[in-house]
Amino acid sequence: MEHESLNNWIWDGLYYHPHLFGGLMLTAALLGLSTGYFGGIGVPSLPHLWSDVGIFQKKKRGKKRVRVYMDGCFDLMHYGHANALRQAKALGDELVVGVVSDEEIVANKGPPVLTMEERLALVSGLKWVDEVIPNAPYAITEQFMKSLFNEHKIDYIIHGDDPCLLPDGTDAYALAKKAGRYKQIKRTEGVSSTDIVGRILLLLKDAKRNDSLLNGEHQESISEDARVSQFLPTSRRIVQFSNAKGPDPNARIVYIDGAFDLFHAGHVEILKRARQLGDFLLVGLHTDYIVSEHRGKHHPIMHLHERSLSVLACRYVDEVIIGAPWEVSKDMITTFNISLVVHGTIAESNPLALVGIDPYAVPKSMGIFRLLESSNNITTSSIAQRIVANHEAYMKRNAKKAEGERKYYAEKKYVAGN
């Protein structure tokens, strides 16, 4: 009876604690003990037991992580770039991004607006990017493709449904397609770097309408359509970019606000520093009206929903207030449980605007305001000035790109994707 009771106890243990009893049996085997040691208990032979418990069953290997690669110039980073990388990440487990070199951009498209360092900072700051390869070639050559497959363990090369042609008219991704390692994503409508350059050039045209530099063919090369955003915001797109989670009850919430127009490397740097000061970073995006009121009638370059997606795509941002008030009030601090309000030392303003109430007067009086030293002095205006300073080169580039854009839309077909 005692043997039967002990036998039942062992089998109960095997059922409820298989790893523990399996370990005991394995230890017994390693010590050279036989089942006779358990005389009369009725323990099955070890080979049978191992089969039942699964000790010697081949350990299942974890599913191979799929690594995908996407490259680009990522000049004047916008939500279209971010959405392309979000879609690319959805096709695999790890996303490796190649950032095309300055020299390659000049040879294939014209002068870039942002430096390699600035473009690397923007790409690295996106929440979907796992690794970055600097100075990637514009065309996927056979040698580079082999290095992607062999050294970087890439499974698939990704690109949008819009054609990417080399100066000789050939497909830049022909080799990847031939190798059967190419996947396509849907292009994000309503924005492109060409479109953004066009908006900035239109601002120049408005500001210097009587300037001789903007007469004749120069005026014709800038489409008036660029004045109006073609972006059609949807709630689904915002959800796709959102982290979809709020702060923990005891989280230290840091708040920073601004226009975040023409999202750039300086924005990434200050958001990273702000996030390091707490557990949750809440970003307030000012309305187009507020931005225009404080920076001038030609601002913002990017509209509120465009700016919101660019900020949401940043890996350091947890939540965004779309249309935040200019002043940080006591009620707002209480509503969002804000622990700290921060602002960078590099900020833009319209010198002709009337001096008003300090928007941070309340958090300062509460002792929860901090000024963050900005190590990067790049601003939206300084980027625009780069384009203005080289407007002839960018006008020629845009005229060439505009023709490709028109052809794309004329031949455009529906492509499944999100």
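Residue numbers count from 1 along this sequence.
A 4.5 Å side-chain heavy-atom check between Val96 and Ile133 finds at least one atom pair inside the cut-off. Val97 has its side chain out of reach of Glu131: every pair of non-hydrogen atoms, C-beta onward, lies at least 4.5 Å apart. Side-chain contact between Met70 and Ile185 is present, with heavy atoms from C-beta onward closer than 4.5 Å. Two residues are said to be in side-chain contact when any heavy atoms from C-beta on lie closer than 4.5 Å; Leu277 and Arg273 fail this criterion. Residues Leu175 and Tyr173 have side chains not in contact (no heavy-atom distance under 4.5 Å, counting atoms from C-beta outward). Using a 4.5 Å heavy-atom cutoff, the side chains of Ile253 and Leu340 are not in contact. Looking only at side-chain heavy atoms (C-beta outward), Ile157 and Val68 stay at 4.5 Å or farther from each other. A 4.5 Å side-chain heavy-atom check between Val254 and Ser339 finds every atom pair outside the cut-off.
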Under 3.5 Å, side-chain donor or acceptor atoms of residues 258-270 against the rest of the protein: list the pairs with distances, not counting sequence neighbours.
{"residue": "Asp261", "atom": "OD1", "partner": "Ile301", "partner atom": "N", "Å": "3.4"}
{"residue": "Asp261", "atom": "OD1", "partner": "Met302", "partner atom": "N", "Å": "2.8"}
{"residue": "Asp261", "atom": "OD2", "partner": "Ile301", "partner atom": "N", "Å": "2.7"}
{"residue": "His264", "atom": "ND1", "partner": "Gly266", "partner atom": "N", "Å": "3.0"}
{"residue": "His264", "atom": "ND1", "partner": "His267", "partner atom": "N", "Å": "3.3"}
{"residue": "His264", "atom": "NE2", "partner": "His267", "partner atom": "NE2", "Å": "3.3"}
{"residue": "His267", "atom": "ND1", "partner": "His264", "partner atom": "N", "Å": "3.1"}
{"residue": "Glu269", "atom": "OE2", "partner": "Ser375", "partner atom": "OG", "Å": "2.9"}

Sequence neighbours left out, cut at 3.5 Å: what donor-acceptor pairs do the side chains of residues 114-126 make with other protein atoms?
{"residue": "Thr115", "atom": "OG1", "partner": "Glu118", "partner atom": "N", "Å": "3.2"}
{"residue": "Thr115", "atom": "OG1", "partner": "Glu118", "partner atom": "OE1", "Å": "3.4"}
{"residue": "Glu118", "atom": "OE1", "partner": "Thr115", "partner atom": "N", "Å": "3.0"}
{"residue": "Glu118", "atom": "OE1", "partner": "Arg386", "partner atom": "NH1", "Å": "2.9"}
{"residue": "Glu118", "atom": "OE2", "partner": "Arg386", "partner atom": "NH2", "Å": "2.8"}
{"residue": "Arg119", "atom": "NE", "partner": "Leu114", "partner atom": "O", "Å": "3.4"}
{"residue": "Arg119", "atom": "NH1", "partner": "Cys73", "partner atom": "O", "Å": "2.9"}
{"residue": "Arg119", "atom": "NH1", "partner": "Val100", "partner atom": "O", "Å": "2.8"}
{"residue": "Arg119", "atom": "NH2", "partner": "Val100", "partner atom": "O", "Å": "3.1"}
{"residue": "Arg119", "atom": "NH2", "partner": "Asp102", "partner atom": "OD1", "Å": "2.4"}
{"residue": "Ser124", "atom": "OG", "partner": "Leu120", "partner atom": "O", "Å": "2.8"}

What side-chain donor-acceptor pairs closer than 3.5 Å can you find for residues 317-329, not counting sequence neighbours?
{"residue": "Asp318", "atom": "OD2", "partner": "Arg275", "partner atom": "NE", "Å": "2.9"}
{"residue": "Asp318", "atom": "OD2", "partner": "Leu281", "partner atom": "N", "Å": "2.7"}
{"residue": "Ser329", "atom": "OG", "partner": "Met332", "partner atom": "N", "Å": "3.1"}

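Lys272 NZ: 12 or fewer foreign heavy atoms inside a 6.0 Å radius. Atom OH of Tyr156 is surrounded by 12 or fewer heavy atoms from other residues, nucleotides or ligands within 6.0 Å.
Sorted by first and then second residue, the salt bridge (charged side-chain N to carboxylate O under 4.0 Å, His left out) pairs involving residues 239-260 (not counting sequence neighbours) form an empty list. Here side chain to side chain donor-acceptor pair (under 3.5 Å) pairs that include residues 140-151, with residues two or more places apart or in two chains, number zero. For residues 235-257, every residue pair satisfying the ring-ring contact (aromatic ring centres under 6.0 Å, His included) rule, not counting sequence neighbours, is listed here: Trp128-Phe241.
When only modelled atom types and interatomic distance are considered, Lys127 and Asn243 share a side-chain donor-acceptor pair under 3.5 Å.
Taking the charged nitrogens against the carboxylate oxygens, Lys64 and Asp155 do have a contact shorter than 4.0 Å, which makes a salt bridge. Ionic pairing of Asp288 and Arg307 is present here: one or more N-O contacts between side-chain nitrogen and carboxylate oxygen are shorter than 4.0 angstrom.
Applying the ring-ring contact (aromatic ring centres under 6.0 Å, His included) criterion to His299, with sequence neighbours excluded, gives no partner residue. For Asp358, the side-chain hydrogen bond (donor to acceptor under 3.5 Å, both in side chains) test picks out Lys364, with sequence neighbours left out. Under the rule for a ring-ring contact (aromatic ring centres under 6.0 Å, His included), the partners of His81 that lie at least two apart in sequence or sit in another chain are Phe74, His78. For Asp130, the salt bridge (Lys or Arg N to Asp or Glu O under 4.0 Å) partners at least two apart in sequence or on another chain are Lys89. For the ring-ring contact (aromatic ring centres under 6.0 Å, His included) test, no residue two or more places apart in sequence or in another chain qualifies with Phe280. Under the salt bridge (Lys or Arg N to Asp or Glu O under 4.0 Å) criterion, Asp279 pairs with no residue at all, not counting sequence neighbours.
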Walk me through whether Asp93 and Arg67 qualify under salt bridge (charged side-chain N to carboxylate O under 4.0 Å, His left out). CA-CA 6 Å; Asp93 301 300; Arg67 287 169 62 81; over 6 Å; no
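Judged purely by atom type and a 3.5 angstrom limit, Glu104 has no side-chain atom pairing as donor or acceptor with the backbone of Pro137.
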